[in-house]
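Accompanying notes for the structure given below.
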Amino acid sequence: MVMEIEEVSNNYEALPLLSLNHVSLLCRSVWDSMRFYEEVLGFVLIKRPSSFKFNGAWLYNYGIGIHLIENPSIDDFDTIVEPQPINPKDNHISFQCRDVGLVKRRLEDMGMKYVTAVVEDEGNRVDQVFFHDPDGYMVELCNCENIPILPLSSYSFKPRLSSFNRATPAKCGFMENAMMKSLSMEMLNISF
């Protein structure tokens, strides 16, 4: 059964965004984090505005900035105190790379712990490598370009109702339920 989903336009225009500019990360030691992002990921230290009255660093590469903000009492703010298991389903920042095998060899040479995962979809395969920075933030390196980016509006929803056995929320309409079931099944197909 194939359902056609009609796109409903709202009266609001999307914000005039251009691209992702930077990611800000609290860190215990700007020096340790700066070395990690320079030596492991190839970021370059760039000039930071002199008006800031706190310790930090800005790095840039690959079209994105990393802004480090030092906070030695970071443990007081419900962040990672002890090393946590590397969980690919946790929050992370991801970078595409050319050679996942080379990434793994280099991480091994540096003595860094990592986990790998594979995502497959319609004959396409993505290899992923996950590891932590000095403050426990997770980083992924992958060959994600192997899976094409397809807008959902161009994709026919194919609900597989027989394999989805969860109760349907009572306040949703038929289309909302069908879309959520389809989305849930697609998510299960790419889960680790």
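Small disclaimer: the values here were computed from a predicted structure and weren't measured.
Closest non-hydrogen pair, M138 versus D90, comes out as CE-CB, 3.4 Å. Shown here for F52 and W58, the closest heavy-atom pair between the two residues is CE1-CZ2, 3.6 Å. Closest of all the heavy-atom pairs between C97 and V103 is SG-CG2, 3.8 Å. The two residues A57 and M34 have their closest heavy-atom pair at CB-SD, 4.0 Å. Pairing each heavy atom of D32 with each of P134, the nearest pair is O-CG, 3.8 Å. The minimum heavy-atom distance linking K113 with I86 is given by the pair O-CD1, 3.6 Å.
Listed by first then second residue, pairs satisfying side chain to side chain donor-acceptor pair (under 3.5 Å) with a partner in residues 141-151 number zero, not counting sequence neighbours. Sorted by first then second residue, the disulfide (SG to SG under 2.5 Å) pairs that include residues 114-145, not counting sequence neighbours, are C142-C144. Residue pairs meeting the side chain to side chain donor-acceptor pair (under 3.5 Å) criterion with at least one member in residues 92-107, sequence neighbours excluded: H92-E140, S94-E140.
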### Query
When you look at V100 and V129, which way does the side-chain contact (heavy atoms from CB on, under 4.5 Å) test go after all the steps?
CA-CA 7 Å; V100 174; V129 179; 3.4 Å; yes
### Query
Does the pair M112 and F36 meet the rule for a side-chain contact (heavy atoms from CB on, under 4.5 Å), with working shown?
CA-CA 11 Å; M112 294 185 62; F36 171 86; 3.5 Å; yes
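Placement of L68 and L20 within a single hydrophobic cluster is found when ILVMFWY residues are connected by side-chain heavy-atom separations under 4.5 Å, directly or transitively. Two different hydrophobic clusters hold V115 and L102 under the rule that ILVMFWY side chains link at heavy-atom gaps under 4.5 Å. In the hydrophobic clustering of ILVMFWY residues, with side-chain heavy atoms under 4.5 Å counting as a link, V40 and L59 come out together. Under a hydrophobic-cluster definition in which Ile, Leu, Val, Met, Phe, Trp and Tyr are linked whenever side-chain heavy atoms come within less than 4.5 Å, directly or via other members, V30 and Y60 are assigned to different clusters. In the hydrophobic cluster analysis, where Ile, Leu, Val, Met, Phe, Trp and Tyr join through side-chain heavy atoms closer than 4.5 angstrom, L141 is grouped together with Y114.
By the 4.5 Å heavy-atom criterion applied to side chains, V139 and Y137 are not counted as neighbours. Side-chain contact between V23 and I64 is present, with heavy atoms from C-beta onward closer than 4.5 Å. With contacts defined as side-chain heavy-atom distances shorter than 4.5 Å, the pair L25/Y37 qualifies. A heavy-atom distance below 4.5 Å is found between the side chains of N124 and P148.
Residues F43 and F95 place their aromatic rings such that the two centres sit under 6.0 Å apart.
Shown here is N91, whose CG atom has no more than 12 heavy atoms of other residues, nucleotides or ligands within 6.0 Å.
Side chain of Y62 to main chain of L41: a donor-acceptor pair is present (N/O by atom type, distance under 3.5 Å, no hydrogens or angles). Remark: the backbone N or O of E70 is not paired with any side-chain donor or acceptor of N55 at under 3.5 angstrom.
In this structure R125 satisfies the salt bridge (Lys or Arg N to Asp or Glu O under 4.0 Å) test together with E120, D127, sequence neighbours excluded. For H22, the ring pair (Phe, Tyr, Trp, His ring centres under 6.0 Å) partners are H67, not counting sequence neighbours. The salt bridge (Lys or Arg N to Asp or Glu O under 4.0 Å) search around D133 returns none, not counting sequence neighbours.
Seen from the ring of F54, R48 counts as a face-on cation partner, given the 6.0 Å and 45° thresholds.
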